[in-house]
There are 2 protein chains.
Amino acid sequence: MTDSDQLPRGRATAEMVAARAQVSRVAVSRAFNPHTSLKPEKRELILKIAQELNYTPDRAARALVSGRSHLVGVIVPDVCSHWESQEIDALTTALQAEGFATLLFKTRTDYSMDEQLLAYMRGFNPDSVIAFVENVKPHTLARFLDRAVPIYVHYPLPGASVEPEGEPLHDRLNVLQRDGIDQAIALLQGFGARRIAYLSGAEKSRANGSRERTLRQVMADRGLAPPVVARGDFGYDAAYQATIDLFRVGDGADAIFAANDVGAFGVIDALRHELKLRVPEDVKVVGFDDIAQSHWKSYNLTTVKFDLDERVRALVRLILRRLNNPDAPGFQETLNTRLVVRGTVG
Amino acid sequence: MTDSDQLPRGRATAEMVAARAQVSRVAVSRAFNPHTSLKPEKRELILKIAQELNYTPDRAARALVSGRSHLVGVIVPDVCSHWESQEIDALTTALQAEGFATLLFKTRTDYSMDEQLLAYMRGFNPDSVIAFVENVKPHTLARFLDRAVPIYVHYPLPGASVEPEGEPLHDRLNVLQRDGIDQAIALLQGFGARRIAYLSGAEKSRANGSRERTLRQVMADRGLAPPVVARGDFGYDAAYQATIDLFRVGDGADAIFAANDVGAFGVIDALRHELKLRVPEDVKVVGFDDIAQSHWKSYNLTTVKFDLDERVRALVRLILRRLNNPDAPGFQETLNTRLVVRGTVG
DNA sequence: TTAAAGGATGAACACGTTTTCATTTCTCGT
DNA sequence: ACGAGAAATGAAAACGTGTTCATCCTTTAA
């Protein structure tokens with residue numbers, strides 16, 4: 001198999017395959033598109049020759065005429081952040097199975113949306129866009145992406161209706177945080193915790209805002225005093241320092257609910273290694289997300305699970321449905337949360 | 001600014017911008033390409049109108065005629081793996097600054113290359129491809145990617161020449177592991193460690209193979225007995241179990257050199273939480289990579305730093321150089337490693 | 001003032017595919 | 001055997017851009 005001799009230099013085109021198979025170039029196109037009429041034997045022959053020539057239809061050319069790039073843009077502030085890397089991983093796998101590819105873009109970590117980045121991304125013509133940047137308004141996104149309909153992650157407060165009020169233009173992923181958070185607070189309450197602190201995420205983040213408000217409401221419903229707030233940013237280092245301040249400058253707490261798991265890790269390490277407190281005996285800790293690292297023995301974190309697989313499946317469903325119904329009104333998916341009990345409460 | 005009224009539905013094209021600016025379509029194309037001759041005032045006007053109309057040149061069309069997709073394919077077995085997620089993050093940032101975008105593909109975690117995936121990826125026509133899959137041969141990659149020249153990560157053994165012997169066809173990133181590993185072993189030896197074990201990475205991985213061989217040579221040079229090998233796979237769970245087996249079934253060790261940092265985390269947690277041994281008093285641990293988590297207080301890992309920024313800069317240099325010299329022989333970059341001392345040896 | 005040189009400009013072509021449409025060939029019931 | 005409907009087929013158009021080339025305009029040097 002000395003390919004280099006027989007094969008022409010550079011990429012093979014449909015024309016070359018057609019010539020070799022003694023058919024028209026259109027037939028080659030049809031051979032690669034399932035729902036077109038082409039005699040089975042002919043399709044088989046074409047695919048065989050295509051494989052010999054290492055031919056694959058050029059997606060750029062295909063996108064130009066069909067209007068489908070089969071690219072899904074993903075905007076993240078920080079790929080290494082555990083939650084996001086796991087999301088990207090699962091999403092890429094799922095999209096790949098549907099014939100799409102993930103196009104990655106990084107924006108600033110301060111959660112400020114970057115109009116320049118949106119224009120840059122638009123050039124690649126993604127069929128859909130998923131933004132893990134919290135404070136970007138769907139309207140802004142929509143203005144920059146002509147074809148793609150952005151997905152809006154919505155966090156309804158307990159009791160509030162899931163029905164969209166404002167703009168039914170955008171697809172929605174509703175995340176019900178109440179159940180998981182209520183189970184967590186109930187567990188803490190059961191173990192005698194009364195002075196519960198909240199380690200926040202990034203201040204501007206919508207996820208953080210809704211999480212804190214849900215927590216307040218749950219605690220009020222259970223007759224608990226409002227939580228003391230320690231300011232974090234979803235990262236380890238900020239959580240570490242905020243916890244130290246909470247105990248050195250502030251009055252401390254007998255339990256800490258963290259806005260995400262990585263923050264909880266920072267809390268735990270600060271308690272154990274800096275403040276010489278025991279977890280869970282002296283202070284109890286609960287996280288949010290249930291990322292893969294949460295079961296590592298050094299942390300063994302009790303946390304509110306926001307199921308990764310469910311979430312990705314919902315996202316992919318939204319993307320595909322939108323692609324098949326470009327002009328339909330906003331679709332919706334709703335996800336719940338629940339507590340996973342491990343070793344940091346007890 | 002009621003865009004929706006004035007702006008036509010769908011994506012703006014160069015034609016529309018040209019019409020509005022009273023120039024030819026070619027002028028619009030030139031306005032977006034720096035090194036073309038166009039009267040400055042005219043360029044300015046065109047860019048202004050383009051912005052009003054939310055116009056960006058379509059990359060698909062541009063790729064079709066220029067032969068440059070400005071996409072860089074990245075193949076990974078597992079995005080969430082810490083090392084890889086950090087690499088992807090830094091790489092995406094660097095490529096974005098150069099006008100490229102990262103196209104992500106996932107392959108099987110068992111480090112077996114997937115020809116189907118390569119054909120799939122080829123359809124997107126990436127200008128370059130970076131494969132974090134260890135056992136894929138550059139030749140295989142090259143056969144599937146007509147235009148792109150794959151980058152081969154080479155781990156020369158101590159004393160061996162860096163000069164390529166076999167195929168100068170492929171660009172090379174040489175990683176000199178000796179210095180860092182030697183510093184690590186010297187430190188361990190200085191603290192009295194004699195029975196040093198190696199927690200391996202994935203068996204088929206080239207990085208693992210070369211790391212183990214380098215370690216053996218360094219230890220032999222220092223008059224130490226060859227290391228006992230515990231089989232891991234670069235992951236936390238396998239490292240955890242392998243460490244338990246090393247002490248329960250095998251004869252234990254007074255120091256463990258792990259093939260990567262995540263493996264070292266598994267080792268530490270097994271030692272502390274399962275075997276009730278102290279780190280570093282009873283057993284010393286050294287990792288490899290220096291990922292961001294290594295400074296977390298629960299681990300505070302002494303590790304061989306394989307500098308992320310240097311590595312990414314070298315990769316981007318290779319990519320750009322290759323793009324500007326498509327037919328040049330293989331380019332090379334060489335990186336060194338060094339020990340970062342923290343708290344798991346002492 | 002004039003010729004040469006160089007910058008600015010637009011028409012036409014090229015890129016590789018899908019889609020549309022008109023034509024040809026096949027299949028099936030009578 | 002025959003017509004009708006369906007399936008199969010290829011020519012031509014379309015997608016939105018960069019590039020080439022010939023032309024026009026401006027500047028510069030003598």
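Every chain is numbered from 1, with letters handed out A, B, ... down the list of sequences.
Rounded to whole Å, atom P of D:dT17 lies 7 Å from atom CZ of B:R11. A straight line from CD of B:E15 to C1' of D:dG16 spans 9 Å, rounded to a whole angstrom. When the C1' atom of D:dT17 is taken as reference, atom CG of A:D58 falls 14 Å away, rounded to whole Å. Taking atom CD of A:E41 as the reference point, atom P of D:dA7 lies 16 Å away to the nearest angstrom. As rounded to whole Å, 18 Å separates atom C1' of C:dG16 from atom CZ of B:R62. A straight line from CD of A:E44 to P of D:dA8 spans 15 Å, rounded to a whole angstrom. Atom CE in B:M16 sits roughly 12 Å away from atom C1' in D:dC15 (whole-Å rounding). Separating the CD1 atom of A:I46 from the C1' atom of D:dG10 is a distance of 12 Å, rounded to the nearest angstrom.
In this structure, A:S37 reaches the bases: a heavy-atom distance under 4.0 Å links it to at least one base atom across the strands shown.
Once rounded to the nearest 0.5 Å, the distance linking CG of A:D58 with CG of B:N125 reads 4.5 Å. For the atom pair CZ of B:F331 and CG of B:D171, the computed distance is 6.5 Å after rounding to the nearest 0.5 Å.
The heavy-atom pair separating B:E98 from B:V316 by the smallest distance is CG-CG1, 4.2 Å.
Residues A:N33 and A:L38 are not in side-chain contact: their nearest non-hydrogen atoms beyond the backbone lie 4.5 Å or more apart. Contact annotation: the side chain of B:L308 approaches that of B:E87 to within less than 4.5 Å [non-hydrogen atoms, C-beta and beyond].
Taking the six-membered ring where the residue is Trp, B:F32 and B:Y55 present perpendicular rings, their angle passing 60° and hence far from 30°.
Taking the side chain of B:K42 as heavy atoms from C-beta on, and the options C:dG10, D:dT9, D:dG18, the nearest nucleotide is C:dG10. Relative to the side chain of B:A14, the nucleotides D:dT17, C:dT17, C:dC15 differ in distance, and D:dT17 lies closest.
Checked by atom type, the side-chain pair B:R30/B:S24 shows no donor-acceptor distance below 3.5 Å.
Residues of residues 23-33 of chain A that place a heavy atom closer than 4.0 Å to DNA chain C, in numerical order, are A:R25, A:V26, A:S29, A:N33.
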